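So the structure is just underneath, and the comments pick up after that.
Computed from a predicted model, the values in this text were never measured in an experiment. Letters A, B, ... are given to chains in the order of the sequence lines, protein chains preceding strands, and every chain is numbered from 1.
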Amino acid sequence: MCKQAFNPPAVRVRFAPSPTGYLHIGGLRTALYGYLFARRQGGSLVLRIEDTDRTRFVADAENDIVQALQWCGLEVDEGPEQGGRYGPYRQSERQSLYVKYAESLVASGHAYYAFDTPDSIAELRKTSAAYGIGTRLQMDNSLTQSSEIVRQRLDAKESHVIRLCVPEHEIIRFHDRIKGEVKVASESIDDQVLIKSDGMPTYHLANVVDDHHMAISHVIRGDEWIPSTPKHILLYQMLGWQPPVVAHLPLILSPTGGKLSKRSAERQGIPINVRDYRALGYEPQAVVNFLAFLGWNPGSEEEVFGLKELEQVFSLERVGSAPAQFDLNKLNWFNGQHLRRLEIPALADRVRFYLEKEGIQRPDHHDLEEVCLLVRDRLEHAKDVARRFRYCFADPDEFDPGGVKKRWKADSAELVQGYAARLESIKAFDEPTLETQLRDLAAQHEVGAGRIIHPVRLAVSGTTAGPSLFALLRVLGRDTCVRRLRNAVRILSK
RNA sequence: GCCGCGUUCGUCUAGGGGUCUAGGACGCCGGCCUUUCACGCCGGUAACACGGGUUCAAAUCCCGUACGCGGUACCA
């Protein structure tokens with residue numbers, strides 16, 4: 001009979017950055033976890049721009065955030081760009097909403113007008129206490145002034161703010177999906193400003209009003225918000241709203257343990273903005289994979305996951321509660337892993353970009369995809385191709401001195417010369433032929449094959465390390481090989 | 001200072017009272033493969049912060065201490 005299903009409220013997660021700068025790598029992780037959770041639950045991800053601080057507003061920050069999410073493949077369901085039925089999605093465009101609720105809180109006695117000057121507040125803080133339960137009655141506000149006076153001052157447009165009236169003797173508690181039960185005494189909470197004197201809401205009010213109005217079911221954000229969550233809980237109670245589920249992610253620390261600030265990160269060679277990773281040529285999937293594992297794990301021993309795969313296995317239950325240190329080494333490893341997962345044409349695309357950047361002219365007969373196939377297992381970054389394997393596209397302009405010392409022997413010139421001659425005359429320029437010719441030459445001179453292989457590699461690449469020699473020669477092509485061999489003989493035999 | 005959160009190899013972590021002489025990954029070191037370098041494979045190095053409880057039994061539960069981090073704005 002009672003077969004009708006109870007429909008749980010839709011999962012709606014928001015990512016709510018403030019456009020005060022480019023998207024930070026830690027911010028991306030917050031977005032990622034929100035995205036993964038939403039996808040896994042069949043819910044949606046909402047992007048909300050929290051631009052209530054006009055003094056710190058950065059014009060192109062919003063665009064940077066959007067670009068960064070896109071680069072990583074994190075699709076936003078609702079936001080300033082795609083719209084949605086809960087818009088607008090910029091807080092600066094929803095201002096009237098906040099003021100309305102702030103005033104209703106004043107009316108219900110949960111908030112009050114305060115006229116204190118910055119100086120008088122500074123004075124208050126000198127004597128230690130905060131503006132709150134213990135001190136509000138000694139300040140200049142609607143609790144200490146008659147309603148008539150307050151009315152007059154308001155009408156006269158006197159500068160003021162609206163403050164939350166924190167109740168006394170209350171233990172505020174909430175359940176955090178990651179941290180568990182958290183409780184705080186109301187005495188330790190300030191009478192937070194809700195509406196600033198410029199009429200804009202503070203984060204606390206705006207966030208609560210918007211999460212409610214946008215039907216947000218889960219608030220997933222950084223650990224640094226835990227201390228303000230009780231303020232939000234209070235607001236939900238006063239407004240008579242159901243608070244969303246909250247989950248606070250542990251912070252990302254710098255490799256030395258401190259906060260991963262711009263300063264500390266850059267000192268340690270860690271890019272701080274998502275756009276930097278992009279510019280440096282990191283694979284978005286690798287960044288995502290690395291970030292996902294900074295504080296979360298699937299519970300199995302697999303570690304290499306693409307975004308789509310992460311969507312299948314992510315859960316908040318497996319997010320740890322301890323902060324994690326950023327490890328560039330591991331990111332690089334993930335990068336190599338994901339680079340190798342790429343289809344060759346996709347890899348070639350990445351590489352092409354760096355070739356251009358390094359000013360390398362690609363000779364026509366060199367098939368870039370062949371080169372990619374050749375060097376792929378030796379890559380950690382796409383740009384390695386343009387650097388370590390530059391010789392795949394341009395004749396080496398120097399020979400590694402250590403390599404020369406070790407591999408270029410008295411008979412090298414003669415052998416390399418001989419091999420060059422053979423390369424000129426063979427009909428098929430394929431690996432088996434290249435190899436038989438070399439071994440045959442070695443036998444003829446009664447030396448080991450290595451006696452020729454090493455000098456040839458050195459001559460052709462300028463270095464002693466690289467892919468399988470015969471495959472390399474094949475990819476380079478006959479003319480290039482012969483030219484380089486002869487050139488090397490000329491230079492190294494002096 | 002006050003409030004809060006945290007603490008397993010150098011790093012990311014598994015672990016939810018006995019199966020932990022603590023498992024995996026990165027890094028590092030050795031070996032195999034091999035024409036080199038990688039890849040791959042095999043092996044090694046290395047950790048339960050400390051002190052008290054609770055329990056037959058604690059890395060796992062409780063309480064302290066230490067340390068780290070965060071918050072303490074008309075910033076988010």
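- The interatomic distance linking A:Ile171 (CD1) with B:G4 (C1') rounds to 13 Å, in whole Å.
- Qualifying salt bridge (Lys or Arg N to Asp or Glu O under 4.0 Å) partners for A:Glu380, counting only residues two or more places apart in sequence or in other chains: none.
- Residues that satisfy the salt bridge (Lys or Arg N to Asp or Glu O under 4.0 Å) test with A:Asp327, not counting sequence neighbours, are absent from this structure.
- Spacing between B:G27 and B:G64 at atom C1', rounded to whole Å, works out to 37 Å.
- Note: CZ (A:Arg439) to P (B:U34) measures 12 Å, nearest angstrom.
- Between B:G30 and B:G18, the two C1' atoms lie 36 Å apart (nearest whole Å).
- Comparing the same atom, P, in B:C20 and in B:G15 gives a spacing of 15 Å after rounding to whole Å.
- Look at the C1' atom in both B:C69 and B:G23: the space between them is 28 Å, to the nearest Å.
- Under the ring pair (Phe, Tyr, Trp, His ring centres under 6.0 Å) criterion, A:His218 pairs with A:Phe37, not counting sequence neighbours.
- Annotation: proximity of residues 283-305 of chain A to RNA chain B (heavy atom, distance under 4.0 Å) is found for A:Phe293, A:Leu294, A:Gly295, A:Asn297, A:Glu301, A:Glu303, numbered in ascending order.
- Under the Watson-Crick or G-U wobble criterion, with both distances below 3.5 Å, B:G18 is paired with B:C56.
- Rounded to whole Å, atom P of B:U36 lies 16 Å from atom CZ of A:Phe389.
- The pairing partner recorded for B:G71 is B:C2, the criterion being a Watson-Crick or G-U wobble arrangement whose two distances lie under 3.5 angstrom.
- Within the nucleic acid shown, A:Pro467 comes within 4.0 Å of at least one base atom, counting heavy atoms only.
- With rounding to whole Å, A:Ile233 atom CD1 is found 21 Å from B:C3 atom P.
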Inset, instruction - Any chance you could lay out the ring-ring contact (aromatic ring centres under 6.0 Å, His included) test for A:Tyr282 and A:His338, step after step, and finish with the verdict? - result: CA-CA 10 Å; A:Tyr282 278 95; A:His338 284 273; over 10 Å; no
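- Residues A:Thr117 and A:Asp119 bring no donor and acceptor atom of their side chains to less than 3.5 Å of each other.
- RNA chain B lies under 4.0 Å from at least one heavy atom of each of the following residues of residues 325-333 of chain A: A:Gln325, A:Asp327, A:Asn329, A:Lys330, A:Trp333.
- Shown here is A:Glu446, whose CD atom has no more than 12 heavy atoms of other residues, nucleotides or ligands within 6.0 Å.
- When each of A:Val182 and A:Arg407 is assigned the nucleotide of RNA chain B with its nearest heavy atom, A:Val182 is the one assigned upstream, toward the 5' end.
- Scored by the salt bridge (Lys or Arg N to Asp or Glu O under 4.0 Å) test, A:Glu435 finds A:Arg439 as partners (sequence neighbours excluded).
- Straight-line distance from the CD atom of A:Glu181 to the C1' atom of B:G6: 17 Å, rounded to whole Å.
- With a cut-off of 3.5 Å on both pairing distances, B:U35 has no Watson-Crick or G-U wobble partner at all.
- Within the structure, the salt bridge (charged side-chain N to carboxylate O under 4.0 Å, His left out) test picks out the following pairs touching residues 329-340 of chain A (sequence neighbours left out): A:Glu303-A:Lys330.
- Looking only at distances, no side-chain donor or acceptor of A:Gln91 sits under 3.5 Å from a matching main-chain atom of A:Glu50.
- Nucleotides B:A59 and B:C48 have their P atoms positioned 11 Å apart, rounded to a whole Å.
- In this structure, A:Asp60 contributes its side chain and A:Asn63 its backbone to no donor-acceptor pair below 3.5 Å.
- Looking at residues two or more places apart in sequence or on another chain, you find no salt bridge (Lys or Arg N to Asp or Glu O under 4.0 Å) involving A:Arg390.
- Open room surrounds CD on A:Glu302; 12 or fewer heavy atoms of other groups in view lie less than 6.0 Å from it.
- Taking the P atom of each, B:G52 and B:U60 are spaced 14 Å apart, rounded to whole Å.
- Between the CZ atom of A:Phe334 and the C1' atom of B:G27 there is a distance of 13 Å, given to the nearest Å.
- Within a heavy-atom distance below 4.0 Å of RNA chain B, the residues of residues 445-460 of chain A found are A:Ile453, A:His454, A:Arg457.
- Listed for the A:Asp384 side chain is a donor-acceptor partner under 3.5 Å among the backbone atoms of A:His381.
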Inset, instruction - Scan nucleotides 62-76 of chain B nucleotide by nucleotide, 5' to 3', and note B when protein non-hydrogen atoms come under 4.0 Å of the base, S if they reach only the sugar-phosphate, - if neither. - result: -------SSSSSBBB
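- For the P atom pair drawn from B:A25 and B:G44, the interatomic distance equals 12 Å after rounding to whole Å.
- On a pure distance criterion of 3.5 Å, a polar donor-acceptor pair joins the side chain of A:Arg378 and the base of B:C37.
- Residue pairs meeting the side chain to side chain donor-acceptor pair (under 3.5 Å) criterion with at least one partner in residues 162-171 of chain A, sequence neighbours excluded, are A:His169-A:Glu187.
- With sequence neighbours left out, the ring pair (Phe, Tyr, Trp, His ring centres under 6.0 Å) criterion links A:His248 to no other residue.
- Across all strands shown, B:C9 remains unpaired; no Watson-Crick or G-U wobble contact has both distances below 3.5 Å.
- Protein atom NZ of A:Lys179 is 12 Å distant from nucleotide atom C1' of B:U7, rounded to whole Å.
- Comparing the P positions of B:A14 and B:U8 gives an interatomic distance of 10 Å, to the nearest angstrom.
- Pairing for B:A46 is absent, judged as Watson-Crick or G-U wobble with the two contacts each under 3.5 Å.
- Although no hydrogens or angles enter the test, the distance criterion places no donor-acceptor pair under 3.5 Å between the side chain of A:Gln325 and the main chain of A:Ile252.
- A straight line from CG of A:Leu373 to P of B:C39 spans 17 Å, rounded to a whole angstrom.
- Among the protein residues, A:Arg54 comes within range of no part of the nucleic acid, since none of its heavy atoms lies under 4.0 Å from any strand.
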